[in-house]
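Report on one structure; see the data block that follows.
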Protein chains: 2
Amino acid sequence: MDKLLDILKKRHISVTEGRKKILELFLKSPGALAHADIERSTSANFDRVTVYRTLQTFVEKGIIHNIPTADNAILYALCKDNCEAGHHHDNHVHFICDNCDSTICLEKVAVPEVKLPKGFTKKQTDVVVSGICIECK
Amino acid sequence: MDKLLDILKKRHISVTEGRKKILELFLKSPGALAHADIERSTSANFDRVTVYRTLQTFVEKGIIHNIPTADNAILYALCKDNCEAGHHHDNHVHFICDNCDSTICLEKVAVPEVKLPKGFTKKQTDVVVSGICIECK
DNA sequence: ATAGTTTTTGCAACATTATTGCACTTTTTA
DNA sequence: TAAAAAGTGCAATAATGTTGCAAAAACTAT
Ligand SMILES: [Mn+2]
Ligand SMILES: [Mn+2]
Ligand SMILES: [Zn+2]
Ligand SMILES: [Zn+2]
């Protein structure tokens, strides 16, 4: 119950109904959520614009991170790696199931080292694996 | 000159002005192209819808592949790994420059092996590295 | 608890991006 | 060169994302 408040207060952002509701969604969800998912689950209570702004705030404050996808859907997932405002460090692999279409943070699977050609400087590495998930197996 | 025809004919698709023009763009471009880039360079000659349909066809036929991005822009790049219709195998790392915003296929950098937890089946691995590119260095 | 201050929200308007059906044109096949 | 197949443009429509501003809610200090 208080977990919600904890997360929001730790980031020094106001506690509002919308933020609590959306954060709760993430806490309950096993995988990543698309913007459309969130909008669908909350449209009765909140305006579309609020959802956009809330997700943006959450990313900025290190509460959620987004996951690259080849189609143009932005996916969001809870940060579990003590991310801070303005600086994420979710160094794990993401998995997208071709069957059930769910996206999962594989917290246990670290992002491998990638050796770049001379002259390139690496800041961040994103790894997205697709295939069949453990549920669909 | 005939390279264009080669690529199209090898995939058994009709050779049209639009396809030649867009394919030429890819052949000339050093990095990946966003849909918007392509539209900008061709809008005088072709309808937006044609661009959408052409890119879709090219992906399906293994002429170009798309690159996952965290913002929701779809990027496309030429396949150089003998991809076939319905089955891509561009096993290289992609690099996005935080400075000049260009995206580059690092053909020489192979995608590293990722060990998944028991129960997951891997089909494809996408690796996107961001940082500063060799031009901006 | 209350008043003042700050932050967030909803609404409306607008902009951008993407999809579909259908008539017409171009390309391919025979 | 004619018939068939494939591709294109246009218009309509849908989906997605952004902005400014006034009202509402949350926070702060008394
Ligand atoms: Mn994650
Ligand atoms: Mn590539
Ligand atoms: Zn699955
Ligand atoms: Zn650069």
Side-chain angles (χ1 to χ4, degrees), chain A residues 2 4-25 32-61 63-64 66-76 85-86 101, chain B residues 2 4-26 32-64 66-76 85-86 101:
Chain A
D2 280 328
L4 291 177
L5 297 191
D6 257 26
I7 293 175
L8 294 173
K9 288 197 167 158
K10 197 164 289 170
R11 268 75 174 200
H12 308 102
I13 59 175
S14 310
V15 177
T16 67
E17 286 309 305
R19 287 174 180 171
K20 281 195 287 184
K21 175 84 184 184
I22 290 177
L23 188 46
E24 200 181 0
L25 256 179
L33 297 172
H35 177 98
D37 297 327
I38 298 158
E39 204 177 305
R40 206 176 312 113
S41 314
T42 59
S43 60
N45 311 294
F46 308 105
D47 191 81
R48 274 168 45 72
V49 179
T50 300
V51 176
Y52 279 106
R53 293 195 272 224
T54 302
L55 293 173
Q56 187 181 301
T57 301
F58 281 7
V59 171
E60 281 166 2
K61 298 297 182 181
I63 297 174
I64 60 178
N66 54 19
I67 301 169
T69 58
D71 61 6
N72 66 336
I74 313 183
L75 294 177
Y76 301 91
D101 208 49
Chain B
D2 281 327
L4 292 175
L5 298 191
D6 257 28
I7 292 174
L8 294 173
K9 288 198 169 158
K10 198 164 290 169
R11 269 74 175 200
H12 307 104
I13 59 176
S14 309
V15 177
T16 67
E17 285 310 305
R19 287 173 181 172
K20 281 195 287 185
K21 175 83 182 183
I22 291 177
L23 188 47
E24 201 182 358
L25 255 180
F26 277 106
L33 298 171
H35 177 97
D37 298 326
I38 299 159
E39 203 176 307
R40 207 175 312 112
S41 314
T42 60
S43 60
N45 312 293
F46 308 106
D47 192 81
R48 275 170 52 74
V49 178
T50 300
V51 176
Y52 280 107
R53 292 195 272 223
T54 302
L55 293 173
Q56 187 182 302
T57 302
F58 281 7
V59 171
E60 282 167 3
K61 298 297 183 181
I63 296 174
I64 60 178
N66 53 19
I67 301 169
T69 58
D71 61 5
N72 66 336
I74 313 183
L75 295 176
Y76 300 91
D101 209 49

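FYI, side chains are in, hydrogens and waters are out, and symmetry mates aren't considered; it's all heavy atoms of this structure. First the proteins, then the strands, lettered A, B, ... as listed; each starts at 1. Model, not experiment: these values are computed from the prediction.
One atom, NE2 of A/His12, and another, P of C/dT7, lie 14 Å apart when rounded to the nearest Å. Rounded to an integer number of Å, the gap from CG of B/Leu5 to P of C/dT27 is 12 Å. The distance from atom CZ of B/Arg19 to atom P of C/dT25 is 19 Å, rounded to the nearest whole Å. Here the C1' atom of nucleotide D/dA26 and the CG atom of A/Leu8 are 13 Å apart, to the nearest Å. In this structure, the CZ atom of B/Phe46 is 12 Å from the P atom of C/dT26, given to the nearest Å. The NZ atom of B/Lys21 sits 18 Å away from the P atom of C/dT26 (whole-angstrom rounding). Rounding to whole angstrom units, CD of residue B/Glu39 and C1' of D/dG9 are separated by 14 Å. With rounding to whole Å, A/Asp47 atom CG is found 6 Å from C/dC11 atom P.
Comparing atom distances between the B/Val15 side chain and each of D/dG7, C/dT28, D/dC27 picks out C/dT28 as nearest.
Taking both residues in full, the closest heavy atoms of B/Ser41 and B/Leu25 are given as CB-CD1, 3.7 Å, listed atom of the first, atom of the second, then distance. Residues B/Lys61 and B/Ile13 approach most closely at CE-CG2, 3.6 Å, considering heavy atoms. Counting all heavy atoms, side chain and backbone alike, A/Phe58 lies closest to A/Ile22 at CE2-CG2, 4.1 Å. Here the closest heavy-atom approach between residue B/Arg19 and residue B/Thr54 is recorded as CG-CG2, 3.9 Å. Closest non-hydrogen pair, B/Phe26 versus B/Tyr76, comes out as CE2-O, 3.4 Å. Of all non-hydrogen atoms in B/Ile38 and B/Thr42, the two that sit nearest each other are O-OG1, 2.8 Å.
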message: Generate the contact string for nucleotides 16-24 of chain D. Rules: B means base contact, S means sugar-phosphate contact only, - means no protein heavy atom under 4.0 Å.
response: BBBBB----

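Under the side-chain contact (heavy atoms from CB on, under 4.5 Å) test applied with A/Val51, the options A/Arg40, A/Gln56, A/His35 reduce to a single match, A/His35.
Here B/Thr50 does not reach the OP1 or OP2 of D/dG7: none of its side-chain N or O atoms lies under 4.0 Å away. Between A/Thr16 and D/dA26 there is no side-chain polar atom (N or O) within less than 4.0 angstrom of OP1 or OP2.
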- request: Could you give me the CA-CA distance, side-chain angles and deciding distance for A/Arg11 and A/Ile63, then say whether side chain to side chain contact (heavy atoms under 4.5 Å, CB included) is met?
  value: CA-CA 8 Å; A/Arg11 268 75 174 200; A/Ile63 297 174; 3.9 Å; yes

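Axis orientation changes by 50° from one end of the helix from C/dA1-D/dT30 to C/dA30-D/dT1 to the other, with each end axis drawn from 5 pairs and the value rounded to 10°.
Each of B/Val51 and B/Ser14 lies near DNA chain D, and the nucleotide nearest B/Ser14 is the one positioned closer to the 5' end.
By the 4.0 Å N-to-carboxylate-O rule, B/Glu24 lies too far from B/Lys21 to be salt-bridged with it.
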